Each structure stands twice: as structure tokens, then as C-alpha cells.
Number of protein chains: 2
Amino acid sequence: MLTIGKLGAAAGVKVPTIRYYEQIGLLPEADRSAGNQRLYGQATLDRLAFIRHARDLGFRLEAIRDLLSLSDSPDQSCAAADTIARAQLAEVESRILRLTALKAELERMVVQCSGGRIANCRVIEVLGDHSLCATDDHRHPETEATP
Amino acid sequence: MLTIGKLGAAAGVKVPTIRYYEQIGLLPEADRSAGNQRLYGQATLDRLAFIRHARDLGFRLEAIRDLLSLSDSPDQSCAAADTIARAQLAEVESRILRLTALKAELERMVVQCSGGRIANCRVIEVLGDHSLCATDDHRHPETEATP
DNA sequence: TTAATGTCTCTAGCAACTATAGCTTCAAGA
DNA sequence: TCTTGAAGCTATAGTTGCTAGAGACATTAA
């Protein structure tokens, strides 16, 4: 059995995060030692590694919750899991597109900065006047959802 | 003079957001009408448009605060503004790199989904076992700061 | 005049943690 | 066995950048 610290080290997750996951029901309530400390077995380590990996891939906790409940019932069709992954892929793709447009705009700003005074600074100028931008692509903040 | 609603419409910013910006000191305290409603002039509209545009480009409010104070002193060197913009550019570039790695991984996942049962589903399997991943690039969540 | 809309303040909520305070438990060395 | 330091416990509050709601007041159009 692992203590919470060992579990965290094994899965690459910080201790308060594990307690947080338990609190929101992503991990089951842990068994306790005689001294009230949490103890974990391999099953929780696997589950936590799953969560950690999915978080790394940008899945939201709600999506992970769904994926976990799917994996808890292995006889079902995997269409739902596939759907979640495809939605995630689409979101990642759209974020890449947006960020690429931002990058181009920032590069333009930075390259054109003369290194002189603020009054002539291209960075400040472009930020103050959107019409100086090459594209409008970054005018859609609603697509910039947090991962 | 503009009411807060007109200002918001003109700058493309929601009304509560304007009040929030005032609250955290990004916008100065507004003049008030006889009936205690906020009134704004062109200067605030410009400032708000600046903020909006910088937010669209992914700058954090703290960076915007710095940029605004820079733009308030037009005789200074613009090196600081340049530095902020370059930092932003670097962050955007690193996010693109990370997202591109994620995209590859997610594509692999969905391509390999056989459409069968969960028990054999690659989506679940890959998420449960990081060693099945093609890359380790998504193991750096500290670069995934919220925009 | 009345109704509809806009604005006011204040508080609470969101995601996904992270940090702090003040306590208890555990493991290892002297 | 005692002691010390690390690790664990709970509970609460803070983070970022807003957004939503309640209940009251102001303004404007018909």
C-alpha cells in the first residue's frame, strides 16, 4: 500500500491535487491507516495515472470523469470515448490555428519595434489600434477555452 | 460622454468586465452622472480598446498593466514593451509546440480506435498507459498556463 | 405615467488547482 | 526510549479573468 506522498511521486501528481481529486469524486475515498492516513493500492495508482495523462493531453476533468466511467464498464461500445477524443482533437486544432495567427501578429509587432521611444513603439501602437493588424483572426476569444 | 453600456459596445467588452477592470485598477475610476452612473470619454475608450486587443493577443492582465503604464510615459525607451511582447511571443510559440504534440497523440488515438468494445479501446488504453505514447512532449504541464 | 431597459452595488461562482495554518502521525537516529 | 524532522491531516482562502445573480435606483420611449 502507498501513502499519499508515494502515490503522488509514482503518478507525477502533487499531494494536494490527489486530495482535491478525491474531494471532487474523481478518485474514490481512500482507505485509512490506524492513524487516519490515506492508503492506496495499484488500482488507484492506475486511475491516477490515467487522469494525469489525460490532463497532460488537455482533457478537462469533466471529460476525464466521463472517460473514467466508460472505462469502468468495459463491455460498452467505445463510440463515446472516441467522440470525446475527437472533440478534444477538434479543440486542440482550433487552438493551434488561433495561436498561429497570434504568433504571426506578435512577430510582426516585435520585428517592427524600432527600439526607440514608447511614443513610436510599434508594440504599443498596434495594441492600441486593431486596424493595424494583418489579420482579424485573434478577435474571437471565445474559442480560447482553457484546456 | 458614453455610459458604460455604450462604452462596452464600442470597445467590444462586456459591461461587468469594464467594472471589473475599474475594480482592479486597470481603468481609472469613472466620472459619475448626477444619478451615479459611470460616464466615459474618448480616453477611456482608447484605453479599453488597448486592453481588449492585448487580451485578444493573449497578454495577461498584469502584462497589460505594465504596457499601459509604459504607454503613459511616451518618452521612455520602448525596450520594456518589446521585452513583454517577446515574452508573450515565446509563450505562444511554446504553447503551439505543445499543442502540436498533443494533436499528433490524439490523432493516433482516434485513428486506432477500432470501434469495438471499451475493453479493447485504444483511447482508454493509451490514456491509461503513457508508455504507449509516441512522444513525451505533453509531460510538461507547467507550460500550459491559462491564457 | 408607465413600462422597459439600463445601471448600481454586492456577493458568489467557474476551472483546476495551490498555499497557508495549525495540528497529528510516522520513521529513523542517538 | 526519546527526539526530531518529514510527511500527513483538515479546513480555509487565494489564484486568473471574468460571469451570473439579487435587489434597488436611473433613464428613456411611448
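Please read all numbers here as calculations on a predicted model, not as lab measurements. Chain A is the first sequence line, chain B the second, and so forth, proteins listed ahead of strands; every chain is numbered from 1.
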Whole angstrom value for the distance that separates [atom2] of [N] from [atom1] of [X]:
X	N	atom1	atom2	value
A/Asp31	D/dG8	CG	P	16 Å
B/Leu27	D/dC18	CG	C1'	14 Å
A/Gln37	C/dC23	CD	P	18 Å
B/Leu57	D/dG17	CG	P	15 Å
B/Gln23	C/dC8	CD	P	13 Å
A/Ile18	D/dC9	CD1	C1'	14 Å
A/Asp56	C/dA16	CG	C1'	14 Å
A/Tyr20	D/dA11	OH	C1'	16 Å

With the threshold set at 4.0 Å, does a side-chain nitrogen-carboxylate oxygen contact exist between [X] and [Y]?
X	Y	answer
B/Arg38	B/Glu22	yes
B/Arg65	B/Glu62	yes
A/Arg108	A/Glu105	yes

Flag yes if B/Ile24 and B/Ile64 sit in one hydrophobic cluster, no otherwise; membership is Ile, Leu, Val, Met, Phe, Trp, Tyr, and two members link when side-chain heavy atoms are under 4.5 Å apart.
yes
Side-chain heavy atoms under 4.5 angstrom apart, residues restricted to Ile, Leu, Val, Met, Phe, Trp, Tyr: same cluster for B/Val15 and B/Ile51?
yes
Heavy-atom nearest nucleotide on DNA chain D taken for B/Ala34 and for B/Glu62; more 5' hit belongs to B/Glu62
Of B/Asn36 and B/Leu61, the one whose closest nucleotide on DNA chain D sits nearer the 5' end is B/Leu61
So does [X] get a side-chain nitrogen or oxygen closer than 4.0 Å to the phosphate oxygens (OP1/OP2) of [N]?
X	N	value
B/Lys14	D/dC18	no
A/Thr17	C/dA16	no
A/Tyr21	C/dC17	yes
A/Arg38	D/dG8	no
B/Thr3	C/dT7	yes

Among [options], which is the nearest nucleotide to the side chain of [X]?
X	options	answer
A/Ile4	D/dC18, C/dA16, D/dG8	D/dG8
A/Pro16	D/dC9, C/dT18, C/dA16	C/dT18
A/Arg19	C/dC8, D/dT19, D/dG8	D/dG8
A/Arg32	D/dC9, D/dT19, C/dC8	D/dC9

With side chains defined as the heavy atoms from C-beta onward, is the minimum distance between A/Leu127 and B/Phe59 less than 4.5 Å? yes
Per nearest nucleotide of DNA chain C, the residue lying toward the 5' end, A/Ser33 or B/Tyr40, is B/Tyr40
**Asked** Sub-3.5 Å donor-acceptor pair from the side chain of B/Thr83 to the main-chain atoms of B/Ala79, do we have one?
**Response** yes
Between B/Arg47 (side chain only) and B/Leu26 (backbone N and O only), is there a donor and an acceptor less than 3.5 Å apart?
yes
Per-helix bend value, the helix from C/dT1-D/dA30 to C/dA30-D/dT1, C1' rotation axes over five pairs per end, 10° rounding, shows 10°
